[in-house]
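The structure appears below as structure tokens.
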Amino acid sequence: MSILKIMGIDPSLRNTGMCLAEVDILTGDYRFTDIDMVQTKAAEKTKLQRQNSADLVSCRQLHRGLHATIARWKPNLVTGEVPTGAQSARAALSFGFSTMLLATVPVPIIEVTPREVKLASVGDPKASKEEMMEWARKQAPDLQWNTRKLKGEQVLTNDNEHMADACAAVAACVQTTQFMQMMAVYGARAA
């Protein structure tokens, strides 16, 4: 077994982005083979649904969608950007949901930080969402990125940022000491 399947996850309450990469454990080279996203909706403004009830529905949708993708892709390893630094109570709640979602993953997980993700991909810890999406699209131009027509041209939609961040999480993961140690063990077994 010289190929390891790594699933990148960018968890969020509204848009959880995912990607699948194949990593050669002897060289560390990787290529992205698939992307996916689970999207949820906020509670209606008319107050027909309580916010906490809408949040519960969203959490169930995220859990089902994530676990369906895990079952379909069968990754050997997962990596995810664990959220930090909430600026409001609502953001902190969303971060809690995202962290819990990552905690439900039944596959070994390597955590990466937002800074590691941006440095491993674009090379700038303050990279914009647009730069992250452009990097990911260049890495995997054949994947099914979400696009729309603008002035006669197909352009990326903003929701691609979550799948792009999932791709960048994989790029960060393969640079971690934890991954390199694991790769050395797998590499010794494969050789």
Side-chain angles (χ1 to χ4, degrees), residues 5-24 29-46 48-49 54-55 57-73 75 78-81 83 85 87-88 90-91 94-95 97-98 101-102 112-175:
K5 293 194 306 184
I6 300 181
M7 179 178 181
I9 303 173
D10 179 45
S12 165
L13 183 57
R14 297 289 163 237
N15 299 288
T16 290
M18 298 166 281
C19 80
L20 184 65
E22 291 181 348
V23 181
D24 184 321
D29 295 335
Y30 60 90
R31 71 180 188 89
F32 299 108
T33 60
D34 209 348
I35 51 175
D36 200 0
M37 184 167 42
V38 180
Q39 294 182 297
T40 66
K41 293 187 179 308
E44 294 181 28
K45 298 282 185 202
T46 60
L48 293 176
Q49 185 180 32
D55 290 343
V57 168
S58 291
C59 287
R60 284 184 178 139
Q61 290 171 339
L62 291 168
H63 186 268
R64 283 187 197 120
L66 174 67
H67 285 264
T69 303
I70 290 170
R72 189 172 73 248
W73 287 349
V78 167
T79 186
E81 189 178 309
Q87 301 297 313
S88 69
R90 187 72 189 155
S94 178
F95 284 9
F97 291 148
S98 295
L101 185 63
L102 289 173
V112 291
T113 67
R115 179 179 173 78
E116 289 170 327
V117 166
K118 289 182 177 187
L119 284 172
S121 55
V122 177
D124 179 358
K126 295 180 182 178
S128 69
K129 293 174 184 183
E130 292 78 16
E131 290 171 315
M132 297 294 288
M133 287 188 294
E134 188 58 35
W135 171 85
R137 181 125 186 227
K138 283 180 183 173
Q139 298 297 308
D142 297 330
L143 296 184
Q144 294 297 311
W145 298 98
N146 296 325
T147 60
R148 66 181 175 92
K149 209 168 216 177
L150 178 68
K151 297 180 183 175
E153 287 186 48
Q154 289 298 115
V155 297
L156 291 175
T157 59
N158 289 338
D159 58 1
N160 284 296
E161 75 175 90
H162 306 286
M163 293 180 293
D165 281 354
C167 291
V170 170
C173 174
V174 299
Q175 294 179 17

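Atoms CH2 and CG, on Trp73 and Asp36 in that order, are 5.0 Å from each other to the nearest 0.5 Å. Taking CG of Leu13 as the reference point, atom NZ of Lys41 lies at 14.0 Å (rounded to 0.5 Å). How far CD1 of Ile35 is from CG of Leu20: 11.5 Å, rounded to the nearest 0.5 Å. In this structure, OG1 in Thr33 is found 12.0 Å from CG in Asp142, a value given to the nearest 0.5 Å. Taking CG of Leu62 as the start and CZ of Arg14 as the end, the distance is 8.0 Å to the nearest 0.5 Å. Note that the CZ atom of Phe97 and the NE2 atom of His63 stand 14.0 Å from one another [nearest 0.5 Å].
A 6.0 Å sphere centred on CZ of Arg72 holds more than 12 heavy atoms belonging to other residues, nucleotides or ligands. The neighbour count for Arg90 CZ, taken as heavy atoms of other residues, nucleotides or ligands under 6.0 Å away, is above 12.
Applying the salt bridge (Lys or Arg N to Asp or Glu O under 4.0 Å) test to residues at least two apart or on different chains, the pairs with a partner in residues 145-168 are Lys129-Glu161.
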- Check step by step if side chain to side chain contact (heavy atoms under 4.5 Å, CB included) holds for Met18 and Met163. CA-CA 5 Å; Met18 298 166 281; Met163 293 180 293; over 6 Å; no
- Message: Let's go through Val170 and Cys19 carefully: what are the C-alpha distance in whole Å and the side-chain angles of both, what is the deciding distance for side chain to side chain contact (heavy atoms under 4.5 Å, CB included) to 0.1 Å, and is it a yes or a no?
- Response: CA-CA 8 Å; Val170 170; Cys19 80; 3.7 Å; yes
- Task: With side chain to side chain contact (heavy atoms under 4.5 Å, CB included) as the test, would you mind laying out the steps for Val78 and Ile9 before giving the verdict?
- Result: CA-CA 7 Å; Val78 167; Ile9 303 173; 3.5 Å; yes
- Task: Evaluate the side chain to side chain donor-acceptor pair (under 3.5 Å) criterion for residues Asp55 and Ser58: first the C-alpha distance (whole Å), next the side-chain angles of each, then the deciding distance (0.1 Å), finally the verdict.
- Result: CA-CA 5 Å; Asp55 290 343; Ser58 291; 5.4 Å; no
- Report the C-alpha separation of Thr113 and Glu81 in whole Å, then their side-chain angles, then the decisive distance to 0.1 Å, and conclude whether the side chain to side chain contact (heavy atoms under 4.5 Å, CB included) test is met. CA-CA 5 Å; Thr113 67; Glu81 189 178 309; over 6 Å; no
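With Trp135 contributing its side chain and Cys167 its backbone, the two residues share no donor-acceptor pair below 3.5 Å. No donor-acceptor pair under 3.5 Å is formed between the side chain of Thr16 and the backbone N or O of Gln39. Remark: the backbone N or O of Thr157 is not paired with any side-chain donor or acceptor of Asn146 at under 3.5 angstrom.
Taking a cutoff of 4.0 Å between a charged side-chain nitrogen and a carboxylate oxygen, Lys5 and Glu22 do not qualify as a salt bridge.
Pairing each heavy atom of Glu131 with each of Val122, the nearest pair is O-CG2, 3.7 Å. Leu102 and Gly80 make their closest contact through CD2-CA, 4.4 Å (heavy atoms, listed as atom of the first residue, atom of the second, distance). In plain terms, the two heavy atoms of Ala166 and Gly8 that are nearest each other are CB-O, 3.5 Å. Counting all heavy atoms, side chain and backbone alike, Ala140 lies closest to Trp145 at O-NE1, 2.8 Å. Nearest heavy-atom pair across Thr40 and Gln61 is CG2-OE1, 3.2 Å. Counting all heavy atoms, side chain and backbone alike, Met7 lies closest to Pro75 at CB-CB, 3.8 Å.
For an aromatic pair to be called close, the ring centres must be under 6.0 Å apart, and Phe32 with Tyr30 satisfies this.
Using a 4.5 Å heavy-atom cutoff, the side chains of Val155 and Thr147 are not in contact. Between Asp29 and Val23 there is no side-chain heavy-atom pair separated by less than 4.5 Å.
No hydrogens or angles considered: nothing links the side chains of Ser12 and Asn15 as a donor-acceptor pair under 3.5 Å.
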